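Notes follow once the structure below has been shown.
If you're wondering where the values come from, they're calculated on a predicted model, not measured in any experiment.
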Amino acid sequence: GVDAQAWTTAVGTMMASVSAMEAPCTGTDVDAFNAAFSTMHDDFHRLMEMLPAGGDGDHAHGDHAHGDHAHGDHAH
């Protein structure tokens with residue numbers, strides 16, 4: 001299973017990084033958006049890595065590069 005305290009901490013970290021995307025998503029600074037998205041993306045993958053193998057866990061971090069996520073690829 002997943003350690004409950006570690007999971008709670010990791011979820012809190014990811015939620016903070018999601019909240020931190022608000023300003024870059026409403027602004028025009030592509031670099032600020034890319035930095036915020038990269039942080040949130042990495043936090044998400046840290047969560048996924050905590051889960052036991054199975055299910056549709058086919059989405060490994062190595063499946064794509066951060067460059068695959070361009071600013072124009074995401075609606076704000």
Side-chain angles (χ1 to χ4, degrees):
V2 176
D3 177 89
Q5 183 58 46
W7 179 261
T8 299
T9 299
V11 167
T13 299
M14 190 188 82
M15 294 309 297
S17 65
V18 168
S19 293
M21 288 187 62
E22 184 175 350
C25 281
T26 59
T28 59
D29 185 342
V30 174
D31 292 333
F33 172 83
N34 286 335
F37 182 83
S38 180
T39 297
M40 185 274 308
H41 180 254
D42 291 344
D43 290 344
F44 169 79
H45 279 285
R46 274 189 277 284
L47 276 175
M48 294 302 99
E49 290 166 3
M50 294 175 77
L51 296 174
D56 70 350
D58 294 336
H59 182 80
H61 193 239
D63 289 347
H64 59 273
H66 286 191
D68 291 346
H69 302 296
H71 186 258
D73 291 346
H74 302 281
H76 308 309

Could you pull out the closest heavy-atom pair between M14 and F44, with the gap in Å? SD-CA, 3.6 Å

Of all the heavy-atom pairs spanning A36 and P24, show the shortest one and how long it is. CB-CG, 3.9 Å

Taking side-chain contact (heavy atoms from CB on, under 4.5 Å) as the definition, give me every residue that meets it alongside M50, ordered by chain and number, with sequence neighbours left out. V2, A6, W7, A10, L47

Steps toward side chain to side chain donor-acceptor pair (under 3.5 Å) verdict (Q5, T9): CA-CA 6 Å; Q5 183 58 46; T9 299; 3.3 Å; yes

First locate atom CG of D31, then atom OG1 of T28, and finally report the distance between them rounded to the nearest 0.5 Å. 11.0 Å

Residues which pass side-chain contact (heavy atoms from CB on, under 4.5 Å) with T39, listed by chain and number, not counting sequence neighbours: S17, D43

Plane angle bin for H45 and H41 - parallel if under 30°, tilted between 30 and 60°, otherwise perpendicular: perpendicular

